[in-house]
Amino acid sequence: MFLLAVVTLQPMAKYAGAEQTIIVLVALLVALIPTTIGALLSAIGIAGMDRLVQRNVLAMSGRAVEAAGDVSTLLLDKTGTITFGNRQAAEFLPIDDVTDRRIADAAQLSSLADETPEGRSIVILAKEKYGLRERTQGELTHATWIEFTAQTRISGVDLDDPSGVHAVRKGAAGSVAAWVRENGGSTGQELEIAVERISNRGGTPLVVAEKRGSGPARALGVIYLKDVVKPGIKQRFEDLRAMGIRTVMITGDNPLTAAAIAEEAGVDDFLAEATPEDKMALIKKEQAGGKLVAMTGDGTNDAPALAQADVGVAMNTGTSAAKEAGNMVDLDSNPTKLIEIVEIGKQLLITRGALTTFSIANDVAKYFAIIPAMFASVYPGLRHLNIMALDSPKSAITSAIIFNALIIIGLIPLALRGVRYKPSSAQSLLRRNLGVYGIGGLILPFVGIKAIDLIVQFIPGLH
């Protein structure tokens, strides 16, 4: 628009008998070109990257920061993000005719190779509450350890026994129940009631089962793992909801436990018993609906989903595959920081939008400042539009150019600091931008150019 105005101005000026010099046309081009936002765009981007660095987050590209501001779906792991993540064994719930000591012994055996906080807490509970001696892996020389994986969601140990192999398993209710059935056993209603009771309390139920020799496998009971939702997290989700961001909790827990935690935390939705394939499918589904997705991860299993997500934040303590797949790395390995990253991205876009609105409004004001002053002598009617009563065409252009340079300098601190961020809807942000930066951008040039014009009048050769 500004280029068209300057190019077509000279023919119109010749026709009106008010031909302009090349110097005036170049000066006019400089005054009307939207240099404000052009000069500040890089500053806004650098400031956004810097705010991430201050929070110990490395962004692989500026595009990743911008994408964070456009995120509409946030995938968050339950453990460590929504809850403290240090789930502790609180109780052993035996079923049928199983004794407390028997389930405690089996739970401890299946947890000896489990170095997670949950696994350690099971060993300690068995020792402190039931007086079981804490055994070590080295004592069990004829043992085969079954490691937990995201696919099987089960772990345990196979011990050589005079009557045959003594197999003990511990894990998610569905996975262990399937193992029991595969080994000739069955699960009764009492197990389902125990699992449901723990799940409804927001806890995590881990089922313990065993198989001795050639006999059928059977479930012994349930381990109750307690988890605590982080204080203040519900309010943060409400703030995200106000920005139009949908939050989805990802957990390996069963649907009942996931539902209880999701309700307490205030997330919009949850994905229970999630596998890496489930995460990938959810991300693709959201993106197919035109949404941008952000998520965190730290394991090799998370790498495909991190690569698929628009904003993939890998933990610094994670695997090399995860860090290479993501477009950001959190040096503190704090999954909660994903929420801060989205807020920084939002602030970057809000700042860019505010300054763009201000710049466009500035340019509109400059047209009213310069054009009437230049042609008022030829078309006296234009004097009515010269509401600033500028001294002369030369002083009008000079004042506009000086104002243009000063306003860029004045806006640099705002571009670096960022517009004050407050979670709100897109409509609310638009009204704020138009009200503060739109109207402000229209009024300020009139005041600034007029003030400079009053000074320029006293400089020889410029009036």
Side-chain angles (χ1 to χ4, degrees), residues 79 86-188 190-192 194-195 197-198 203-227 252-254 257:
T79 305
N86 54 344
R87 293 180 296 184
Q88 301 291 304
E91 189 179 356
F92 297 129
L93 281 72
I95 60 172
D96 300 328
D97 58 346
V98 177
T99 64
D100 291 347
R101 190 175 182 84
R102 183 178 175 187
I103 185 177
D105 180 68
Q108 187 191 65
L109 269 175
S110 63
S111 301
L112 292 179
D114 187 352
E115 295 299 330
T116 64
E118 294 88 347
R120 294 294 86 206
S121 72
I122 293 170
V123 173
I124 293 171
L125 181 64
K127 176 184 176 182
E128 293 181 349
K129 190 171 182 178
Y130 300 99
L132 297 177
R133 182 178 65 86
E134 185 175 341
R135 289 161 288 188
T136 63
Q137 289 180 257
E139 294 179 37
L140 306 173
T141 54
H142 300 288
T144 302
W145 302 98
I146 312 299
E147 293 187 5
F148 176 88
T149 67
Q151 284 75 23
T152 63
R153 299 169 60 241
I154 195 171
S155 63
V157 61
D158 290 340
L159 301 170
D160 288 342
D161 193 87
S163 60
V165 175
H166 176 203
V168 183
R169 295 293 185 270
K170 172 198 72 180
S175 299
V176 177
W179 179 83
V180 170
R181 289 191 293 270
E182 288 170 4
N183 287 274
S186 61
T187 56
E190 191 174 349
L191 177 65
E192 295 178 6
V195 168
R197 187 171 66 190
I198 293 172
T204 301
L206 295 180
V207 175
V208 181
E210 70 173 3
K211 180 181 184 299
R212 289 183 178 273
S214 58
R218 66 169 297 187
L220 303 179
V222 186
I223 304 170
Y224 173 27
L225 293 182
K226 289 183 68 175
D227 209 347
D253 292 333
N254 65 68
T257 300

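Given the structure is predicted, the values throughout are model-derived calculations rather than measurements.
Residue L191 comes nearest to A219 through the heavy atom pair CD2-CB, 3.9 Å, listed as atom of the first residue, atom of the second, then distance. Taking both residues in full, the closest heavy atoms of R120 and S111 are given as NH2-O, 3.2 Å, listed atom of the first, atom of the second, then distance. Taking every heavy atom of both residues into account, V180 and S186 meet most closely at CG1-N, 3.6 Å. A pairwise comparison of heavy atoms in G171 and V176 identifies N-CG2, 3.4 Å as the closest pair. The two residues V208 and A106 come nearest to each other via the heavy atoms CG1-CB, 3.7 Å. Counting all heavy atoms, side chain and backbone alike, L159 lies closest to V157 at CD2-CG2, 3.8 Å.
Counting heavy atoms from C-beta on, the side chains of E147 and S155 never come closer than 4.5 Å. Contact annotation: the side chain of P205 approaches that of N254 to within less than 4.5 Å [non-hydrogen atoms, C-beta and beyond]. The side-chain heavy atoms of I122 and L206, taken from C-beta on, include a pair separated by under 4.5 Å. Side-chain contact between I223 and L225 is present, with at least one heavy-atom pair separated by less than 4.5 Å. Residues K170 and V168 have side chains not in contact (no heavy-atom distance under 4.5 Å, counting atoms from C-beta outward). In this structure the side chain of V222 reaches within 4.5 angstrom of the side chain of I198, judged on heavy atoms.
When atom types are taken as modelled, the side chain of D105 and the backbone of R101 share no donor-acceptor pair closer than 3.5 angstrom. Side-chain atoms of E190 never come within 3.5 Å of backbone atoms of I95 as a donor-acceptor pair (strictly under, hydrogens ignored).
Rounding to the nearest 0.5 angstrom, the gap separating the CZ atom in F148 from the OG atom in S110 is 12.5 Å. Between atom CG of residue L132 and atom CG of residue L125 there is a gap of 9.5 Å, rounded to the nearest 0.5 Å. Rounded to the nearest 0.5 Å, atoms OG (S121) and CD (E128) are 10.5 Å apart. Distance check, rounded to the nearest 0.5 Å: CG of L220 to CG of D96 gives 9.5 Å.
For T152, the side chain to side chain donor-acceptor pair (under 3.5 Å) partners at least two apart in sequence or on another chain are T149. Residues passing the side chain to side chain donor-acceptor pair (under 3.5 Å) test with T204 are R87, D253, sequence neighbours excluded. Applying the side chain to side chain donor-acceptor pair (under 3.5 Å) rule to D158 yields the partners R169; only residues at least two apart in sequence or on another chain are considered.
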Step by step, would you call L93 with Y224 a side-chain contact (heavy atoms from CB on, under 4.5 Å)?
-> CA-CA 7 Å; L93 281 72; Y224 173 27; 4.2 Å; yes

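Listed by first then second residue, pairs satisfying side chain to side chain donor-acceptor pair (under 3.5 Å) with a partner in residues 206-221 read D97-R218, R102-E210, H166-E210, not counting sequence neighbours. Listed by first and then second residue, the ring pair (Phe, Tyr, Trp, His ring centres under 6.0 Å) pairs involving residues 99-123 amount to none (not counting sequence neighbours). Every pair passing ring pair (Phe, Tyr, Trp, His ring centres under 6.0 Å) that includes a residue from residues 89-129 is listed here, sequence neighbours excluded: F92-Y130.
Atom NZ of K129 is surrounded by more than 12 heavy atoms from other residues, nucleotides or ligands within 6.0 Å.
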